[in-house]
Amino acid sequence: MIDLKALRENPDRFKLGAQRKGVSVDIDRVIELDSHIRSLTTERETLKAEQNRLAKESGPKIGQLMGKLKAASGDERAAIEAEVNELRSKPAKLKTQVSVFEEQLALLEPELRDLLLLIPLPPDDDVPVGTSADDNVELSTWAPEGYDLSKSFEANRGFAPKTHIELIESLGLVDFERGVKVAGTRSYVLTGDGMRLHQAILRYAFDRMVDQHGFTPMSVPVLVRGEAMEGTGFFPAGRDQTYHIEESKRGAGHDMYLTGTGEVGLMGLHADEILDKADLPLKYVTVSTCFRREAGAAGRDTAGLYRIHQFDKVEQVVICEADEKASRDWHKQMIAIVEDLLQSLGLPYRLLQCCTGDLGVKNADMIDIECFMPGRGDLDDNERPTGAFGETHSASRLYDFQCRRLNMRYRDESEDGKKQTVFCHSLNNTVAASPRILIPILEMYQNEDGSVTIPEALRTYMGGVERLGED
RNA sequence: GGUGCGGUGGCCGAGCGGCUGAAGGCGCUCGACUUGAAAUCGAGUAAACCCGAAAGGGUUUCGUGGGUUCGAAUCCCACCCGCACCGCCA
């Protein structure tokens with residue numbers, strides 16, 4: 001949720017932001033509704049104040065008169081009754097007047113709310129303007145000693161790489177056929193060492209977050225109420241991407257949704273809370289199963305483990321004070337954590353500055369981290385892939401966009417010493433999403449004989465196994 | 001699935017038609033005492049929105065929505081959520 005006051009003061013900033021993000025939303029209508037609602041509100045409140053005043057004034061009088069009435073009779077009685085009726089009628093008149101305004105407001109307020117939910121957070125000025133992923137900007141690359149990203153995998157290693165799909169098949173790590181049998185397209189079953197490697201990377205990443213980076217480990221619901229989806233900014237825009245459990249159709253009180261990221265559960269934890277400033281920043285890590293419908297991605301990445309409906313992800317979330325510098329610093333730190341992890345695994349990667357058109361409604365800034373996948377990319381003359389980077393991580397900086405929607409605040413003192421409540425800032429970043437991360441691991445660690453070496457860091461999580469596919 | 005109970009401020013908890021934006025406690029802030037701290041004592045301390053340069057004023061909010069009433073945290077209705085016990089069960 002954006003700040004309505006800020007929009008009122010500077011609508012152009014939000015118009016430009018929406019335009020740069022490629023989101024079409026009628027901001028002029030929002031301004032019109034807002035000013036209309038405010039003038040109606042003022043009138044209603046004036047009447048209401050008068051009504052309250054009268055009620056306070058005439059209440060005791062009515063009480064007194066009613067007392068007298070008991071003892072009175074004849075003309076005196078009639079006079080008292082008339083006076084009581086008079087006293088009662090004034091507030092009643094106001095009440096009908098108030099209800100006229102209330103009816104009008106009841107029509108306009110939901111419209112404003114619905115529109116507000118659609119207005120994107122304007123991208124920061126230092127985010128490059130662009131319309132699609134093609135306009136994203138590479139910031140840096142990293143590769144382990146002895147691997148030169150400017151050369152092909154074959155030039156580096158002396159043999160042509162197999163794709164992760166080929167390696168998976170020959171090593172028996174995944175059963176796609178049976179996955180599809182059980183759950184349909186884009187489903188899979190990790191088998192044997194495939195499942196073990198999947199668990200190994202998740203646990204390795206999770207443990208590092210807790211042990212080395214001091215994040216608080218959490219388990220969170222992946223089946224959540226709509227409020228959590230809306231609060232985190234995934235609704236209404238991302239409804240299509242979300243599995244919807246229509247429990248209300250079965251008589252339950254409300255529907256449920258399967259989350260596409262642990263971010264939803266983690267951010268939902270403190271919704272509607274006023275936090276203690278001393279408790280910030282909150283640093284949470286969770287590992288959760290993620291569900292994505294991948295609507296609109298029909299035909300893209302249909303083979304292999306790249307684009308699937310269900311996966312597991314270690315996710316980091318930071319909730320910090322409302323300070324741009326703090327947000328920016330945490331963003332860098334959270335990216336550094338991932339770089340450190342990837343370097344410990346010896347996986348080549350690059351940092352990609354997402355352009356405005358690739359940000360989504362809730363981000364001010366987003367850095368994607370892409371691992372190098374030798375089995376991806378365009379095909380060469382021999383119909384073999386030439387290798388390409390593939391997104392494995394995404395680091396978002398959201399300012400107070402989510403915390404406004406979630407109503408997550410903390411107490412602070414303003415410069416003049418006054419106490420106030422402030423919306424927190426939030427950030428999130430992938431730590432490791434598997435099985436997608438298995439793609440670069442398998443493809444980069446493959447050997448000429450078709451075996452795959454287990455990265456050293458993961459071996460303790462693999463019962464000491466050093467190599468898959470060894471005779 | 002059955003039965004019972006309940007949802008009040010940052011937290012706990014009282015109130016059960018007007019004097020209640022809400023007792024009391026905890027927490028927090030400031031002050032006194034103290035070499036300092038603890039303890040103790042005193043004062044203060046809800047949120048959102050609107051008007052205002054500010055001082056200040058107004059409206060709303062006791063789960064949500066509707067109703068009764070001159071007036072509702074308090075009465076009525078519907079809904080949501082939670083807890084306890086029983087049944088079933090990983």
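Rounded to a whole Å, the CD atom of A:Q51 is 13 Å from the C1' atom of B:rA72. If you take CD of A:E102 and P of B:rG65, they are 12 Å apart, rounded to a whole angstrom. Between A:H254 atom NE2 and B:rG63 atom C1' there is a gap of 14 Å when expressed in whole angstrom units. Taking atom CG of A:N407 as the reference point, atom P of B:rG9 lies 13 Å away to the nearest angstrom. Between the CD atom of A:E103 and the P atom of B:rG66 there is a distance of 12 Å, rounded to whole Å. The separation between A:E227 atom CD and B:rG63 atom C1' is 12 Å, rounded to whole Å. Between the C1' atom of B:rC80 and the CD atom of A:E247 lies a distance of 15 Å, rounded to the nearest Å. Here B:rU29 presents its C1' atom at 14 Å from CG of A:D412, a figure rounded to the nearest Å.
Comparing B:rG65 with B:rU8, their P atoms are spaced 16 Å from each other, to the whole Å. The C1' atoms of B:rC62 and B:rG17 are separated by 15 Å, rounded to the nearest whole Å. With both ends at atom P, the span from B:rU40 to B:rG63 equals 34 Å, rounded to whole Å. Here the separation of B:rA22 from B:rG10, taken at their P atoms, is 14 Å to the nearest Å. The gap from the C1' atom of B:rG25 to that of B:rG52 amounts to 38 Å, rounded to the nearest Å. Straight-line distance between the P atoms of B:rC26 and B:rC80: roughly 39 Å, to the nearest whole Å. Taking atom C1' in both B:rG56 and B:rU64, the straight-line distance is 33 Å, to the nearest Å. Comparing the P positions of B:rG9 and B:rG2 gives an interatomic distance of 30 Å, to the nearest angstrom.
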Let me see the working for A:E45 and A:K48 under salt bridge (charged side-chain N to carboxylate O under 4.0 Å, His left out), right down to the final yes or no. CA-CA 5 Å; A:E45 285 181 359; A:K48 199 70 183 156; over 6 Å; no
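Across every strand in view, B:rA39 sits unpaired, with no contact that passes the Watson-Crick or G-U test at under 3.5 angstrom. With both pairing distances under 3.5 Å, B:rG4 is matched to B:rC83 as a Watson-Crick or G-U wobble pair. Of all nucleotides present, only B:rC28 satisfies the Watson-Crick or G-U wobble test against B:rG44, with each distance under 3.5 Å. Nucleotide B:rA54 has no partner under the Watson-Crick or G-U criteria, as no pair reaches both atom distances under 3.5 Å. The partner of B:rC62, taking Watson-Crick or G-U wobble pairs whose two distances both stay under 3.5 Å, does not exist in any strand shown.
Judged by closest nucleotide on RNA chain B, A:R44 is the one of A:R44 and A:R225 placed further toward the 5' end. Residue A:A49 is the one, among A:G253 and A:A49, whose nearest nucleotide of RNA chain B lies closer to the 5' end (criterion: closest heavy atom).
Donor-acceptor pairing under 3.5 Å is recorded for the side chains of A:D124 and A:Y399. Side-chain polar atoms of A:R459 and A:Y461 form no donor-acceptor pair below 3.5 angstrom. Checking A:D312 against A:Q199 by side-chain atom types alone, no donor-acceptor pair falls below 3.5 Å.
For A:Q333, the side-chain contact (heavy atoms from CB on, under 4.5 Å) partners at least two apart in sequence or on another chain are A:W330.
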Which letter, B, S or -, goes with each nucleotide of nucleotides 45-50 of chain B from 5' to 3', with contact meaning a protein heavy atom under 4.0 Å? -SSS-S
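Across A:R113, A:K362, A:R239, a single residue satisfies salt bridge (Lys or Arg N to Asp or Glu O under 4.0 Å) together with A:E230, and that is A:R113.
Between A:F235 and A:Y257, the gap from one ring centroid to the other is short of 6.0 Å. You'll find the ring centres of A:Y188 and A:H198 outside the 6.0 Å limit.
Ionic pairing of A:K249 and A:D255 is not present here: no N-O contact between side-chain nitrogen and carboxylate oxygen is shorter than 4.0 angstrom.
In this model, the phosphate group of B:rU60 is approached by a side-chain N or O of A:K48 to a distance below 4.0 Å at OP1 or OP2.
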